[in-house]
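Written out below as structure tokens is the structure these notes cover.
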Amino acid sequence: MAALSSEERSELGKKAAQKRWIMEQENPAKKVLCGSFERPLVIGEIKIPCFVLEDESRIITLEGMKSALGIGAAAGPSARLAEFISAIQLNSAAAVAVAAKLRNPIRFRADGGTKVELAYQSSLLVDLCESILDARLQGQLTDRFLPLATRAELLVRGYARVGLDALIDEATGFQKFRSRTALIELLQKYISDRLLEWTKTFPDEFYTEMFRLKGWDFANLKAGDRKPSIVGRYTRNIVYERMAVPVIHQLEKLNPSGGTGTRKSKHHQFLTREIGHPELKSHIDKVTMLMQLSESWEDFRSKLRKVMPKRWEQFQFNDLLPDPPDAPPTYSDDGLD
């Protein structure tokens, strides 16, 4: 380059830019969903940069692949890495397929940068290690390449094929992202984006049985009289908190309690007609039957905890839900006095 004139260097630069543009059009760099060079996958003392792409495929960078196998910078770009692997004299069809994949890396951009990086599907590292170990078993490795087999054995012992993606999910933070996405999609099926008209959802039997077990007089409760405020606590606990889907946290965000403890609407008005409302009705029927089968409030509490335990007590909703509501109030002894 030093021997070229400024015009010649400029012309080479233009050709290189044109080549990069053509490559970008034919094989655009993929976007990263999760991961960073600052958070590599660590197996023993081996650090392997890895990412999850927007299509949720897990990848290992070209440098990460070489680092995993203990191959130095001399292996060079992806094409020379494939030639390096071919030099080990792997003659099987599987090994030939591995070499072919090494010649066609994935292009991506990471950490919000503009630089295009090269990488491979995570499964390729597994296939590569297996090919190397098979070659050693068949006596195809020369002494020069035996350390490569030792490294491959170390990697295989450090992960299982089914566990590699899980390790990458943890290292990149995708596990939390995936849980968040799945939960949001599930809640969208249960919670409506508009307030539905009020319809009678909790049957009289539900309150009749609750009052019976508590020793309260439901028959003399006049029309229009408000039930004791503690009934709302019991309903939250034995119904909404024990549903199969954690709707209560989003419902309390959409329908917060006012300063007097009252709400503008009923929680069930925010559930979808197709899924959320039918699920709630089914759960209420089950709880009502459980109360009918109970001789006392203590008996009901015992059955409830066994048949319908709280599924979401240890779930970190603040890390998962969009715009998480304030933490709901907690009550000692499950809120069931």
Would you say that [X] contacts [Y] through its side chain, given a criterion of any heavy-atom pair below 4.5 Å between the two side chains?
X	Y	result
Glu117	Arg107	no
Ser265	Phe270	yes
Tyr120	Thr61	no
Ile46	Leu154	yes
Met65	Leu124	yes
Gln140	Phe145	no
Phe51	Leu33	no
Ile71	Leu148	yes

From [X] [atom1] over to [Y] [atom2], what is the distance, rounded to the nearest 0.5 angstrom?
X	Y	atom1	atom2	answer
Glu205	Ile284	CD	CD1	11.5 Å
Ile60	Leu118	CD1	CG	14.5 Å
Glu295	Phe300	CD	CZ	13.5 Å
Leu128	Leu155	CG	CG	9.5 Å
Thr142	Leu146	OG1	CG	7.0 Å
Gln292	Glu209	CD	CD	4.5 Å

Report yes or no: do Trp297 and Met289 belong to one cluster of Ile/Leu/Val/Met/Phe/Trp/Tyr joined by side chain heavy-atom distances under 4.5 Å? no

Do the side chains of Ile238 and Leu293 join up, straight or via other hydrophobic residues, at under 4.5 Å, putting them in one cluster? no

Search all heavy atoms of [X] against all heavy atoms of [Y] and return the closest pair with its distance.
X	Y	answer
Lys281	Lys200	NZ-O, 4.3 Å
Phe211	Asp217	CD2-C, 3.9 Å
Arg136	Glu153	NH2-OE2, 3.5 Å

Tell me whether [X] contacts the main-chain N or O of [Y] through its side chain, where contact means a donor paired with an acceptor under 3.5 Å.
X	Y	result
Ser282	Pro278	no
Glu130	Asp127	no
Arg109	Lys30	no
Ser57	Leu53	no
Arg151	Ala68	yes
Arg58	Glu56	yes
Ser294	Leu290	yes
Ser67	Lys47	yes
Arg212	Ser296	no

Please lay out, stage by stage, how Val32 and Glu54 fare under the test side-chain contact (heavy atoms from CB on, under 4.5 Å). CA-CA 6 Å; Val32 166; Glu54 57 186 345; over 6 Å; no

Ring pair (Phe, Tyr, Trp, His ring centres under 6.0 Å) filter on Tyr207, not counting sequence neighbours, yields none

Residues Thr201 and His277: side-chain donor-acceptor under 3.5 angstrom: yes

Fit a plane to each ring of Phe202 and His268, take the angle between them on a 0 to 90° scale, and name the class: parallel (under 30°), tilted (30 to 60°) or perpendicular (over 60°). tilted

Which residues share a side chain to side chain donor-acceptor pair (under 3.5 Å) with Asp285, sequence neighbours left out: none

Report the C-alpha distance between Ile132 and Leu141 in whole Å, list the side-chain angles of each, state the deciding distance to 0.1 Å, and finish with yes or no for side-chain contact (heavy atoms from CB on, under 4.5 Å). CA-CA 8 Å; Ile132 293 171; Leu141 292 185; 4.2 Å; yes

Taking atom NZ as the centre, does Lys303 end up with more than 12 heavy-atom neighbours from other residues, nucleotides or ligands that are less than 6.0 angstrom away? yes

Residues Lys101, Gln121; criterion side-chain contact (heavy atoms from CB on, under 4.5 Å); working and verdict: CA-CA 9 Å; Lys101 291 178 182 178; Gln121 293 282 353; over 6 Å; no

Evaluate the side-chain contact (heavy atoms from CB on, under 4.5 Å) criterion for residues Cys129 and Leu69: first the C-alpha distance (whole Å), next the side-chain angles of each, then the deciding distance (0.1 Å), finally the verdict. CA-CA 8 Å; Cys129 288; Leu69 296 171; 4.3 Å; yes

In the hydrophobic clustering that connects Ile, Leu, Val, Met, Phe, Trp and Tyr at side-chain heavy-atom distances below 4.5 Å, which members other than Val42 occupy its cluster, ordered by chain and number? none

